[in-house]
Protein chains: 2
Amino acid sequence: MDATTRPTLESVAQRAGVSRQTVSNVLNAPHLVRADTTDRVRAAIDALGYRPSAAARQLRTGRSRVLGLRLEPVHDGINGAVLDRFLHALTESAQARGYRVMLFTAHDDAGEIAQYRELLDTADLDAFVLTSTHRDDVRAAWLAERDVPFVTFGRPWGARPAGAGAHPWVDVDGAAGTRAAVDHLRRLGHERIAYLGWPDGSDVGEDRAAGWAAAMVDAGHDASLLRRLHARVPDGVAAGAQATERVLADAAPTAVVCASDSLALGALTVARSQGTTLAVVGFDDTPVAAAVGLTSVAQPLSEAAQRALDLLLDQLDGTGGTRSREVLLAPHLVERASSRTP
Amino acid sequence: MDATTRPTLESVAQRAGVSRQTVSNVLNAPHLVRADTTDRVRAAIDALGYRPSAAARQLRTGRSRVLGLRLEPVHDGINGAVLDRFLHALTESAQARGYRVMLFTAHDDAGEIAQYRELLDTADLDAFVLTSTHRDDVRAAWLAERDVPFVTFGRPWGARPAGAGAHPWVDVDGAAGTRAAVDHLRRLGHERIAYLGWPDGSDVGEDRAAGWAAAMVDAGHDASLLRRLHARVPDGVAAGAQATERVLADAAPTAVVCASDSLALGALTVARSQGTTLAVVGFDDTPVAAAVGLTSVAQPLSEAAQRALDLLLDQLDGTGGTRSREVLLAPHLVERASSRTP
DNA sequence: GGCATTCGTTTGAGCGTTCCAATCGCAACT
DNA sequence: AGTTGCGATTGGAACGCTCAAACGAATGCC
């Protein structure tokens, strides 16, 4: 009746001829309410357009149905798009399940932890999603110590006694990606397949390099050849181009698998300008890859976000059962012109 | 004392020997409190590590200090990065001012409005930031009608009686960007400067095209030449490449200004593969531009976010005064190899 | 000295929800 | 008939905060 005041549990209750608490039960514990009562209440809810107040609920329960995620500066730019797509998928999945994503920024891990503290204290965030995991990551330990639910998008890198302090994570199998790239190229007749990777020290990089190496060993190549076919350079288009020229001169590959689309773009530039018939495969399937016709390994980001959310909700809703808490997803190869045989 | 319970206004008050409300005043209305009292309270706050509960405050005041923003699907990918950078800057600025950014997704304007409704009802969001404004944008009208504070990143396009229903907005002057590109190229000695733009119907596109056209007219070129130098194609690398070849054959330009880095990348491909000495300038300064050495018009996204936030806070904190509610920022040119004279 | 004014502080109430204990109605079993 | 048991529903309290009004103590004025 009163169009100015927004409906509350009380007003719905009045209209349905029941008590406040019964309306609440219809929404939160339907099994406690008789069917016909439920119907009456539901009708009243619809009629009034009632929507529960998140603030009131949060005040009472201490839960906010909000997830926190740190938005990192766009490092690279080309590769940064990966996290953006993950974020989008996460927001969408969360929204479908009644959760929201709240952003924050920080300049380093310590700053991120300070934000955790603030967000937990003031906003009662329910959980966090961590990206860009790395060796000696203090963030996970901090959260685990305080029993704050979280997932990481990225494996817990570094030595760690199996099981001890393990936390749920989702990641994409980089090795499987580069292996798929090699297999693809071999089916096209390539044998001498080079690899453009990053310098030592990047766990993600090691993973991707390992997949290429393993596939090449399976193909019967020996270690000494692999060494000559393997270039290590910092990420970037220019660096990729230079390294490509070097490896071409050195080991005469007919194809090259790269650790990123940036490197691959560099390789592609060389291939096209020199008229070489060098097949190129990139990694991450960034927009640039699609734009320039670069075959690339695509991460299933939508699924990763979905699974990450599942792992979180398992912890939050307690329904979590026997489901594995460590998810490794297989990427897939998106074939484009850059690897096609001339 | 009690390490298990988190501090509340009451516990701080007790420790400081004042009342609940006085503590609240210290935080929200310091001018009401005597200096020595303030000191005592502040000490108690620090000692206990008190942090106000956002939920309780929100329940009482009806304000959440949270801003809503729709995360759009990555249309294009190359150009999508623009919004990501804006989002990052916005999150950072908001955080510095005590506001948070909450995300949501929607598939169209109607869905976005449905989200507004839900977020306003349940989460009491304080304001929204709208991106990708377009002709006949119903979102702004919906929000304005309900007196919900908002800003748009992007002008209100389309005919509109000046002043009527105007809302605060921030945008980047696209015309100034393409004009700067032309000026830059002319300084380098170019005269026949082509323009690769999008088909009619895009307001952003018209704006960018207009800047080029005006600068060319200023340079003394006549309308018939402009028509031949102006190509209209859908966004994309391949489309850009084709259009470039066509214009090269048609009007023999020595340089080309593009409406996007995607188009520019296409132009660049043609320029490099054909060995032509065609200077290329892109738009948006996306990561790809940096990667391939493409001169491009950069939008001041950090400043745009900052100003957008200012416009919002003017509405929210009521301090808003005489400051202009319409902000048009000038982009700047980032010079790279693609426009350098050979 | 009585009365209004001001400043600083306190008190009570209420925001809308869920938790908890209590209550009610009804069937079942002594 | 009395008791027990159970499912459905209810009313009071509390979450932590801010609003509005009340309050006490100074200070001013006639």
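A note on names: the letters A, B, ... follow the listed sequences, proteins ahead of strands, and every chain is numbered from 1. What you see below is based on every heavy atom in this structure, not just the backbone, and it leaves out hydrogens, waters and symmetry mates. On a predicted model such as this, the values are computed, not experimentally measured, just so you know.
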| said: From CZ of B:R34 over to P of C:dG8, roughly how many Å is that when rounded to an integer? | reply: 8 Å
| task | Can you tell me the distance, in whole Å, between the CG atom of B:L32 and the P atom of C:dT6? | result | 15 Å
| said: Using OP1 and OP2 only, check whether a side-chain N or O of B:T8 sits under 4.0 Å from D:dC17. | reply: yes
| message | Looking at the base of D:dG12, is there any donor atom on it, or on the side chain of A:R20, that sits under 3.5 Å from an acceptor on the other one? | response | yes
| note | Output for pair (B:N25 CG, B:T38 OG1), nearest 0.5 Å, gives 9.5 Å
| Between the base of C:dT17 and the side chain of A:R57, is there a donor-acceptor distance below 3.5 Å? | no
| said: Just the rounded figure in Å: distance from C1' of C:dT18 to CG of A:L59. | reply: 10 Å
| request: Could you tell me whether A:T61 contacts a base, only the sugar-phosphate backbone, or nothing, with contacts defined as non-hydrogen atoms closer than 4.0 Å? | output: sugar-phosphate
| query | Taking A:Q315 for the side chain and A:F150 for the main chain, is one N or O donor matched with an acceptor at less than 3.5 Å? | reply | yes
| message | Could you tell me how far apart A:Q14 (CD) and D:dT9 (P) are, to the nearest whole angstrom? | response | 18 Å
| task | Send over the distance from A:Q21 CD to C:dA21 P, rounded to a whole Å. | result | 13 Å
| Separation of C:dT17 C1' from A:R6 CZ (nearest whole Å) | 11 Å
| When the nearest nucleotide of DNA chain C is assigned to B:A56 and to B:N25 on a heavy-atom basis, which residue is associated with the more 5' position? | B:N25
| remark: Rounded to whole Å, CG of B:L9 lies from C1' of C:dT9 at a distance of 15 Å
| task | From the options B:D310, B:D314, B:D126, select the one residue that forms a salt bridge (charged side-chain N to carboxylate O under 4.0 Å, His left out) with B:R97. | result | B:D310
| With distance as the sole criterion, do the side chain of A:R60 and the base of C:dT18 form a donor-acceptor contact below 3.5 Å? | yes
| task | Would you mind reading off the distance between A:R51 atom CZ and C:dG16 atom P, rounded to a whole angstrom? | result | 16 Å
| query | How are the rings of A:F128 and A:F104 set relative to one another: parallel (under 30°), tilted (30 to 60°) or perpendicular (over 60°)? | reply | perpendicular
| query | Is a donor on one side and an acceptor on the other found under 3.5 Å between the side chain of B:T105 and the backbone of A:E92? | reply | no
| request: Check if the side chain of A:Q58 and the base of D:dC15 share a donor-acceptor pair of N or O atoms closer than 3.5 Å. | output: no
| Short side-chain N/O contact to C:dT18 OP1/OP2 from A:S24, under 4.0 Å | yes
